[in-house]
Number of protein chains: 2
Amino acid sequence: MAMSDTLKAISDPVRRQILNLLKEEPKPAGAIAAQFDLTAATVSYHLKLLKQAHLITERREKNFIYYDLNASVFEEVLSWIYSLGIGADSHDKN
Amino acid sequence: MAMSDTLKAISDPVRRQILNLLKEEPKPAGAIAAQFDLTAATVSYHLKLLKQAHLITERREKNFIYYDLNASVFEEVLSWIYSLGIGADSHDKN
DNA sequence: TTTCTAGTTAGACGTTTGTCTAAATAGAAG
DNA sequence: CTTCTATTTAGACAAACGTCTAACTAGAAA
């Protein structure tokens with residue numbers, strides 16, 4: 001179930017771009033929405049799906065809701081991809 | 001465009017299972033379809049999407065069409081995931 | 001050439017998805 | 001308390017998706 005949710009979540013380009021935006025630091029919903037030619041409601045819908053997939057977490061501060069990336073859920077996806085036998089390229093952290 | 005196609009393709013559980021089936025060796029469409037409670041037409045539809053995403057290749061032999069896994073297209077996906085800053089776990093080939 | 005076999009293509013149909021507008025909520029500020 | 005700000009929720013809707021049945025195609029076999 002978990003991996004299915006993760007892959008469904010990142011199958012949409014808007015949601016992938018949201019993750020890219022959160023790579024550096026947490027951002028409030030408004031700042032995220034400002035990067036797209038979409039209504040705040042639509043971006044909120046995408047944030048909800050990312051949250052349900054545990055790819056982001058939220059934290060309230062003043063009037064703002066900050067969203068933060070949680071890339072750890074990708075572990076399962078990586079394991080699956082590698083189980084298929086990936087090419088000889090190196091994607092490790094060294 | 002390429003990564004989008006890849007992620008869209010693997011967002012469906014049937015298509016992921018097809019890739020799992022092809023991990024060991026190429027298989028004809030009929031043998032693949034036999035693993036699912038779906039019509040041959042439906043499985044053919046999934047094979048077409050996987051083929052368009054270059055996740056599989058096909059080769060005709062006698063009356064059969066053999067499908068073979070091409071996991072190399074995952075490279076781009078892996079690069080993106082790692083660019084998000086993944087956890088400390090090791091997924092390399094050593 | 002006719003027929004059989006493996007698989008695809010076409011068309012229909014219900015479900016899911018992504019988007020919008022309008023209304024609602026939570027909390028900050030006055 | 002009232003109002004303003006940031007964001008979500010509800011409802012509607014078109015487009016995309018996954019599935020089926022029926023018809024078609026490519027090639028093997030007889």
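Chain letters run A, B, ... following the sequence lines, proteins first, then strands; residues in each count from 1.
Between D:dC20, D:dA10, C:dT8, one nucleotide has an atom nearer to the side chain of A:Ala41 than all others, and that is D:dA10. Of the candidates D:dA22, D:dT8, D:dT19, D:dT19 carries the atom nearest the B:Val14 side chain, counting heavy atoms from C-beta on. In the set D:dT7, C:dG27, C:dT5, the nucleotide with an atom closest to the side chain of A:Asn63 is C:dG27.
Mapping A:Phe64 and B:Arg60 onto DNA chain D via the closest heavy atom, the residue that lands nearer the 5' end is A:Phe64.
Within the nucleic acid shown, B:Phe36 has no heavy atom closer than 4.0 Å to any nucleic acid atom. Among the heavy atoms of the strands lying under 4.0 Å from A:Ala29 are primed sugar atoms or P, OP1, OP2 only; no base atom is included. Counting non-hydrogen atoms under 4.0 angstrom, A:Tyr67 reaches the backbone sugars and phosphates but no base. Looking at heavy-atom distances under 4.0 Å, A:Lys8 makes contact with sugar-phosphate atoms alone, never a base.
No side-chain donor-acceptor contact under 3.5 Å links A:Lys23 to the backbone of B:Gly85. For the pair A:Asn70 (side chain) and A:Leu55 (backbone), a donor-acceptor distance under 3.5 Å is absent. Judged purely by atom type and a 3.5 angstrom limit, B:Arg60 has no side-chain atom pairing as donor or acceptor with the backbone of B:Ile65.
Under 3.5 Å, the side chains of A:Arg16 and B:Ser4 contain a donor-acceptor pair of N or O atoms.
As a whole-Å value, the separation of B:Lys27 NZ from C:dA6 C1' is 17 Å. Between B:Ile10 atom CD1 and D:dC17 atom P there is a gap of 15 Å when expressed in whole angstrom units. To the nearest angstrom, P of C:dA6 lies 17 Å from CD of B:Glu58. Atoms CG (B:Leu38) and P (D:dT21) sit 11 Å apart, rounded to a whole Å. In this structure, A:Lys62 places its NZ atom 5 Å from P of C:dA29, rounding to the nearest Å. Separating the CD1 atom of B:Ile65 from the P atom of C:dT9 is a distance of 9 Å, rounded to the nearest angstrom. Rounded to an integer number of Å, the gap from CD of B:Gln52 to P of D:dA16 is 14 Å. Between the CD atom of B:Gln17 and the C1' atom of D:dG18 there is a distance of 17 Å, rounded to whole Å.
Using a 4.0 Å cut-off between charged side-chain N and carboxylate O, A:Arg59 and A:Glu61 make a salt bridge.
Proximity of A:Tyr45 to the phosphate of C:dT21: no side-chain N or O atom is located under 4.0 Å from OP1 or OP2. Phosphate proximity of C:dC20 to A:Thr42: present, with a side-chain N or O under 4.0 Å from OP1 or OP2. A sub-4.0 Å separation between OP1 or OP2 of D:dT8 and a side-chain N or O of A:Ser44 is present. Checking the phosphate oxygens (OP1, OP2) of C:dT19, a side-chain nitrogen or oxygen of A:His46 falls inside 4.0 Å.
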